[in-house]
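Report on one structure; see the data block that follows.
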Amino acid sequence: MPELPEVETTIRCLTPKLQGLEVTSFKLRFPGIVGNKEEKILKKLRGKKITGLRRRGKWILIDFDSDLSLLCHLKMTGQFLFCSSKDPIDKHTHFILCFKDRKEELRFRDVRKFGSISCHLTSEVLSFPQLGPEPLEVSFYRFRRLFQGRRGRLKSLLLNQNFIAGIGNIYADEILFEAKLHPLTPVFLLGEDELRILWKAMRFVLRKALKYRGTSIRDFKDAEGKEGDFQSHLRVYGKESIPCSRCRKRIERLRLGGRSSFFCSRCQKEKRC
DNA sequence: ATTCGGACCTGAAAGC
DNA sequence: TGCTTTCAGGTCCGAA
């Protein structure tokens, strides 16, 4: 479910609540989300204080004192909840952190169980996922350089976390519509002007999605259970056969690597070699 | 070397 | 109504 805006929204919601809290215990109800090795390391969290939360791509980092960090990925349906320990625990809640002098606890729930939590040394945690630059931090010059010598389709590249980190299926489609570029465009055909338009579109769409606190189409909720508002601003994603907001031609859908891509065939003309 | 399908899971919605 | 199929904000792996 979550891409950069949803992950960032989750972190912004959690940070003021978790900052400074000391771990007293944890419950692992479904060990599958952490490796067996990690289960051992997790015990080291007892007595540690949360110093802060960070995002890198779609990863969530929870930093503790004494050089420990949790590295978490929500995948499709993962969700963090900060709630009263008296609230009922449903069957999809897999991991719980409890804190000193607090009635609230941090829960990780994940219907599809794709998500993951692992524990690392803070000094090493970022070397684990091999990720491209942050879309909202990368300069145009570096962005342009990323494309040098690359092959393949434009949308596939935007989804490649190695290439750039944090964009997923919804925002890739929205960015391409904003930039008026076809998802199947071979990247070597892109010129300087188009790359600049793409870079601007990427920043525009992601910042707007952040402003509206993410997209809640199906599952996404922040750590207070609150939904995002960007779904009412989507222009192509999930809009098959609905008239394009720019030109009124019906939005089309195609399959790219097993995933749906929504686009306007009039606004986003396919480039030929 | 990219690209594809399948795998990992569950549940909602659509199709028949 | 009820059973079956399809689909889903992600990523990894192995095979064409």
Side-chain angles (χ1 to χ4, degrees), chain A residues 1-11 29-35 55-60 71-80 90-95 108-118 128-132 135 147-177 183-189 202 205-206 208-210 212-223 226-241 253-262 273:
Chain A
M1 72 149 116
E3 306 178 30
L4 185 154
E6 290 76 30
V7 174
E8 183 66 33
T9 298
T10 298
I11 285 178
R29 307 174 82 239
F30 173 68
I33 56 159
V34 301
R55 178 187 60 74
R56 180 72 178 93
K58 299 172 191 172
W59 294 89
I60 292 173
L71 178 64
C72 318
H73 203 299
L74 304 176
K75 294 285 177 79
M76 295 287 265
T77 51
Q79 176 191 17
F80 276 111
D90 75 0
K91 64 172 176 175
H92 302 301
T93 300
H94 307 314
F95 177 73
F108 180 80
R109 68 186 293 275
D110 183 2
V111 170
R112 293 177 72 179
K113 296 179 175 164
F114 292 165
S116 66
I117 296 177
S118 54
F128 279 85
Q130 190 73 28
L131 297 173
F147 284 85
Q148 285 174 6
R150 298 301 293 235
R151 305 258 126 190
R153 312 288 199 176
L154 179 52
K155 181 171 175 186
S156 307
L157 207 53
L158 291 180
L159 292 175
N160 181 346
Q161 302 299 298
N162 263 136
F163 178 75
I164 197 158
I167 297 171
N169 207 32
I170 290 182
Y171 296 109
D173 281 2
E174 294 297 316
I175 290 166
L176 291 171
F177 176 79
L184 299 182
T185 306
V187 290
F188 68 88
L189 288 181
M202 173 177 80
V205 169
L206 293 177
K208 186 171 173 188
L210 271 174
Y212 288 97
R213 307 175 58 266
T215 303
S216 296
I217 286 182
R218 228 172 308 274
D219 301 302
F220 174 67
K221 287 176 179 160
D222 73 9
K226 204 157 101 188
E227 299 195 331
D229 293 321
F230 194 69
Q231 57 280 11
S232 53
H233 298 270
L234 295 174
R235 300 184 76 183
V236 283
Y237 184 82
K239 305 287 185 193
E240 187 180 16
S241 79
R253 155 146 80 157
L254 61 79
R255 285 264 165 197
L256 211 186
R259 325 195 58 186
S260 289
S261 288
F262 301 91
C273 300

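Just so it is clear, the values below take in all heavy atoms, side chains as well, and ignore hydrogens, waters and symmetry mates. Order of the sequence lines sets the chain letters (A, B, ...), proteins ahead of strands, with each chain counted from 1.
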Reckon [X] has a side-chain N or O less than 4.0 Å from the OP1 or OP2 of [N]?
X	N	answer
A/Lys75	B/dC8	no
A/His73	C/dT11	yes
A/Arg253	C/dA8	yes
A/Thr77	B/dG11	no
A/Gln161	C/dT11	yes

### Task
Kindly indicate whether the side chain of A/Arg112 and the base of C/dA8 share any N or O donor-acceptor pair separated by less than 3.5 Å?
yes
Quick one: which of [options] gets closest to the side chain of [X]?
X	options	result
A/Lys91	B/dT2, B/dG11, C/dT11	B/dG11
A/Arg255	B/dG11, C/dC7, B/dT3	C/dC7
A/Tyr237	C/dA8, B/dG11, C/dG10	C/dA8
A/His92	C/dG10, B/dG11, B/dT3	B/dG11

### Message
Assuming nearest nucleotide by heavy-atom distance, tell me which of A/Gly258 and A/Gly149 is located more 5' along DNA chain B.
### Response
A/Gly149
### Query
Side chains of A/Ser232 and A/Tyr212: is there a donor and an acceptor less than 3.5 Å apart?
no
#### Entry: Side-chain donor-acceptor pair present, A/Arg253, A/Ser260, cut-off under 3.5 Å
yes
How many Å lie between [atom1] on [X] and [atom2] on [N], as a whole number?
X	N	atom1	atom2	value
A/Arg218	B/dC9	CZ	C1'	15 Å
A/Asn162	C/dC12	CG	P	8 Å
A/Phe163	B/dT3	CZ	C1'	17 Å
A/Arg150	B/dT2	CZ	P	7 Å

### Query
By centroid distance (under 5.5 Å) and plane angle (under 30°), are A/Phe114 and B/dC8 in a stacked arrangement?
yes
### Query
So what's B/dT3 paired with, Watson-Crick or G-U wobble, going by both distances under 3.5 Å?
C/dA15
### Distance between P atoms of C/dT6 and B/dG6 (Å, rounded)
12 Å
### Task
Using the P atoms only, state how far C/dC3 lies from B/dC9, rounded to an integer number of Å.
26 Å
### Task
Remember a base hit wins even if backbone is also touched, and classify A/Leu74 as base, sugar-phosphate or nothing at under 4.0 Å, heavy atoms.
nothing
### Task
Quick one: label A/Asp219 by what it contacts on the DNA or RNA (base, sugar-phosphate, nothing), any heavy atom closer than 4.0 Å.
base
### Query
Testing A/Lys155, A/Arg153, A/Arg255 for side-chain contact (heavy atoms from CB on, under 4.5 Å) with A/Ser261, which one passes?
A/Lys155
### Message
Less than 4.0 angstrom from a charged side-chain N to a carboxylate O is my criterion; do A/Lys75 and A/Asp110 meet it?
### Response
no
### Message
As an exercise, state the distance from CD of A/Glu6 to CD1 of A/Ile11, rounded to the nearest 0.5 Å.
### Response
12.0 Å
